[in-house]
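To start, the structure under review is shown below, and the notes come after it.
Keep in mind that what you see is a predicted model, and the values were worked out from it rather than measured. Just so you know, residue 1 is the first one in the sequence shown, and it goes up from there. Counting starts at 1 for both ligands and their atoms, following the listed order.
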Amino acid sequence: MKKGSLIPRALRELEVDIPFNVDEVRARYDHERDIRLKRRPEGHGQYISLPELAKGDARLAAMLRDRWTPVIPRPPLSDTVHVLVIGAGYGGLLAGARLVQQGVDPKSIRLLDAAGDVGGTWYFNRYPGAMCDIESYTYMPMLEELAYIPSEKYCHQPELLLHSQMIAEKYGLYQNACFHTTCTGLEWKESRKVWSVSTDRGDQFYARFVIMNFGTLTQPKLPGASGVEKFRGHMFHTSRWDYEYTGGDTTGGLINLHGKRVAIVGTGATAIQVVPHLGAHAKHLTVFQRTPSSVDVRNNRKTTPDFVASNLQKPGWQKERMDNFTIITQTNVPGVRDMIKDGWTKIMRNLNQEFITLRKNKDKLELDSKVISRMMEVADMKQMHSVRTRAETIVTDLRTANHLKPWYQQFCKRPCFHDEYLPTFNRPNVELVHDPLGIERITENGVVSNGKEYKVDCIVFATGFEIGFQASERGFMVGGYDIIGRGGMKLSEKWSKGPRTLKSFSTHGFPNFFMQNAPQGTFTTNFVQKLDEEAQHVSYIIAKMKREGIVVYDPSKRAEEEWCDTIYRRSGRGEKFLKKCTPGYYNREGQVIEGKSLNSLWGGPIQFFQLLQKERSENTVFAGIDLEYSAKL
Ligand code: NDP
């Protein structure tokens with residue numbers, strides 16, 4: 001919509017005081033996106049998978065080593081378990097816990113994880129400053145069941161890991177768990193109606209059901225730049241922080257860096273938390289930035305008894321809070337009370353305020369979809385303007401401050417919140433190297449960017465992770481193996497043109513196989529809520545099957561086709577937004593392909609959760625499913 005007569009007068013009145021020109025900002029967003037896309041037309045194919053690069057290189061393989069727990073030798077397994085849960089992060093823990101709540105014997109549930117313990121993200125990611133970026137009371141699951149109150153609004157990694165361990169302890173999930181074990185093969189055996197499982201520990205066992213976490217963000221990736229293997233200094237990925245080299249621990253104190261020149265590549269959500277610690281200790285820190293993150297106020301604080309008494313005591317408080325967060329951040333319902341009151345909910349609070357003002361002017365304005373979408377765009381611009389102003393206010397060097405200003409819509413990338421990140425750039429030992437084209441290459445001595453070589457002793461890669469299910473596009477699943485269903489069908493082949501599921505958690509031809517956080521369902525800022533809703537649903541199905549003597553659950557081809565048709569029909573809107581975005585993992589690095597993005601959704605999160613809950617309460621969980629019964633079970 002162009003400025004002028006096409007914009008309703010009441011809307012223009014609302015926009016009169018804004019300190020920027022909407023069209024100019026929009027043009028700047030497009031420009032910034034386009035320069036990044038031009039250089040990286042290969043999308044997410046630009047990245048180098050660390051596990052793959054490490055295959056022929058012992059030094060790189062060491063970068064993937066588990067630094068936290070020694071590997072304990074054990075004999076290979078050849079038994080049969082009721083449920084195999086692949087991945088022991090929040091998804092797997094919730095699946096296990098909800099199964100136990102449904103009456104499944106914990107000894108018959110096997111958690112399997114490449115890590116040395118439960119915790120997933122919070123097992124591996126122990127970089128200094130690691131903390132959750134959604135408030136703990138909403139993010140950390142099962143707090144009421146555990147009778148546990150997090151110590152801070154945004155908890156740090158040690159507490160997040162401890163809390164994961166508490167879930168495993170409470171529900172007996174350690175009894176049959178296999179750590180430091182990676183699945184290397186998964187094949188459906190029709191004659192026995194079981195999954196045959198092989199692992200890198202020589203195991204060859206069977207499972208009646210498999211619950212799979214592809215690992216939303218687990219496989220470390222490196223920047224698409226040549227020469228990593230040539231670098232002669234020290235290097236590591238943030239998810240395998242090397243405290244032997246840096247000194248210190250998750251709280252900081254990286255004293256071994258006092259004489260070192262350190263580079264960090266990437267300025268996403270991880271780097272935002274790491275940079276203040278590196279800046280405080282490195283002799284010199286060079287931060288290589290391709291796209292700045294939006295960094296707003298964090299305002300972390302300790303949990304007080306008063307806060308607990310007035311917010312966290314009524315039974316059902318956590319679900320209410322989770323729903324509140326999700327409703328406010330993702331469903332855009334005006335007038336909802338904000339229980340969270342943080343940066344995530346601020347943008348929607350502002351938007352709501354505009355709706356209220358507009359309602360007062362209702363006689364002057366038709367609230368049609370074009371007006372609403374313009375309002376949302378402008379509200380987003382206002383939020384991003386305040387983020388840019390914050391950078392300018394905090395960072396004293398004007399050039400650096402300008403480079404730290406993000407030019408895209410807030411939800412194109414994960415918004416960040418931190419109170420020490422921006423001030424770090426005022427330190428004399430910290431330098432920002434900004435190049436929207438990214439680093440050029442890595443040499444024996446350091447990093448080349450903007451045509452200049454920066455010599456360093458150590459490179460920290462804060463370049464993120466591969467999205468688990470997207471590995472299927474390269475002909476295999478995470479871990480380098482395939483999942484073989486009925487009639488020898490490979491999941492990677494079935495999904496070669498994009499995922500095909502029924503309600504995101506199941507897929508035709510792969511019986512008794514359930515997925516968590518796969519595409520084609522919904523997307524939540526708070527991933528954990530989706531993991532839990534799926535865990536509750538799938539554990540209900542598994543327990544019901546046992547009660548009713550059902551041995552095979554396979555979504556029918558027809559039901560899956562109908563679901564996928566709906567997904568493709570509905571995915572247009574989210575994908576239109578993503579196409580406008582600066583590249584990142586939300587939009588497959590700018591390669592938005594219908595049905596393949598994270599935004600290929602059936603609907604909003606609350607709507608999706610209600611769909612699952614309704615199926616359970618109305619006893620329709622088996623609608624559209626091909627079932628096989630056995631008298632034996
Ligand atoms: P991201 O994928 O978000 O960030 C990777 C960074 O590397 C980006 O800044 C990217 O730039 C940069 N990069 C990639 N290639 C190059 C290159 N060639 N040259 C220079 N820079 C490059 O990874 P993170 O580990 O930061 O975060 C991943 C996700 O993990 C987050 O989005 C969040 O969901 C989660 N997370 C959650 C936390 C929490 O709850 N506390 C904390 C940390 C992470 P560009 O933007 O241009 O692509």
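- Look at Y47 and you'll find a heavy atom under 4.0 Å from some atom of ligand 1.
- For the residue pair W344 / T525, no side-chain donor-acceptor distance below 3.5 Å is found, with atom types taken as modelled.
- Judged by distance alone, the side chain of S136 and the main-chain N or O of K153 form a donor-acceptor pair under 3.5 Å.
- Atoms of ligand 1 found under 4.0 Å from any heavy atom of M131, numbered from 1 in the order shown, are 39 (C), 40 (O), 41 (N).
- On a distance-only criterion, T267 and ligand 1 share at least one N/O pair closer than 3.5 Å.
- Taking 4.0 Å as the cut-off, C132 counts as a neighbour of ligand 1 on heavy-atom distance.
- Looking only at distances, a side-chain donor or acceptor of R36 sits under 3.5 Å from a matching main-chain atom of E32.
- Any N or O atom pair closer than 3.5 Å counts here, and T238 shares no such pair with ligand 1.
- Heavy-atom distances between F461 and ligand 1 stay at or above 4.0 Å for every pair.
- At a cut-off of 3.5 Å, with distance as the only test, no side-chain donor of H234 or D457 sits close to an acceptor on the other residue.
- Defined by atom type and a distance below 3.5 Å, a donor-acceptor pair is present between the side-chain atoms of Q516 and N213.
- Near A462, with a cut-off below 4.0 Å to any heavy atom, the atoms of ligand 1 are 5 (C), 6 (C), 7 (O).
- Remark: ligand 1 atoms within the under-4.0 Å shell around heavy atoms of R414 are 31 (C), 32 (O), 33 (C), 34 (O).
- S49 and Q219 share no side-chain donor-acceptor pair at under 3.5 Å.
- Looking at D133 next to ligand 1, an N or O pair under 3.5 Å apart turns up.
- Which parts of ligand 1 touch Y127 is read off a 4.0 Å heavy-atom cut-off, strictly below it: atoms 42 (C), 43 (C).
- Q165 and D117 form a side-chain donor-acceptor contact under 3.5 Å, judged by distance and modelled atom types alone.
- Not a single donor-acceptor pair under 3.5 Å links the side chain of T286 to the backbone N or O of A263.
- For the residues R441, H434, R290, the heavy atom positioned nearest atom 15 (N) of ligand 1 is part of R290.
- At least one N/O-N/O distance between I439 and ligand 1 falls below 3.5 Å.
- Although no hydrogens or angles enter the test, the distance criterion places no donor-acceptor pair under 3.5 Å between the side chain of R321 and the main chain of L312.
- For the pair T270 and ligand 1, the shortest N or O to N or O distance falls below 3.5 Å.
- Of the heavy atoms in W122, only side-chain atoms (C-beta onward) come closer than 4.0 Å to ligand 1.
- Counting only distance, with no hydrogens or angles, the side chain of T138 and the backbone of I134 share no donor-acceptor pair below 3.5 Å.
- Ligand 1 has no N or O atom lying under 3.5 Å from any N or O atom of V265, backbone or side chain.
- Between the side chain of E144 and the backbone N or O of W317, at least one donor-acceptor pair lies under 3.5 Å.
- For ligand 1, the polar-atom distance check against T291 finds a nitrogen or oxygen pair separated by under 3.5 Å.
- By the criterion of a heavy-atom distance under 4.0 Å, neither the backbone nor the side chain of Q289 is placed next to ligand 1.
- Between the side chain of D532 and the backbone N or O of P141 there is no donor-acceptor pair closer than 3.5 Å.
- The option with the heavy atom closest to atom 4 (O) of ligand 1, from among G268, A269, S449, is G268.
- Residue contact annotation: F417 has no non-hydrogen atom under 4.0 Å from ligand 1.
- The backbone N or O of N299 lies less than 3.5 Å from a partner atom in the side chain of D419, making a donor-acceptor pair.
- Within the listing of ligand 1, atoms 25 (O) sit less than 4.0 angstrom from a heavy atom of F465.
- Heavy-atom separations between K413 and ligand 1 include at least one value shorter than 4.0 Å.
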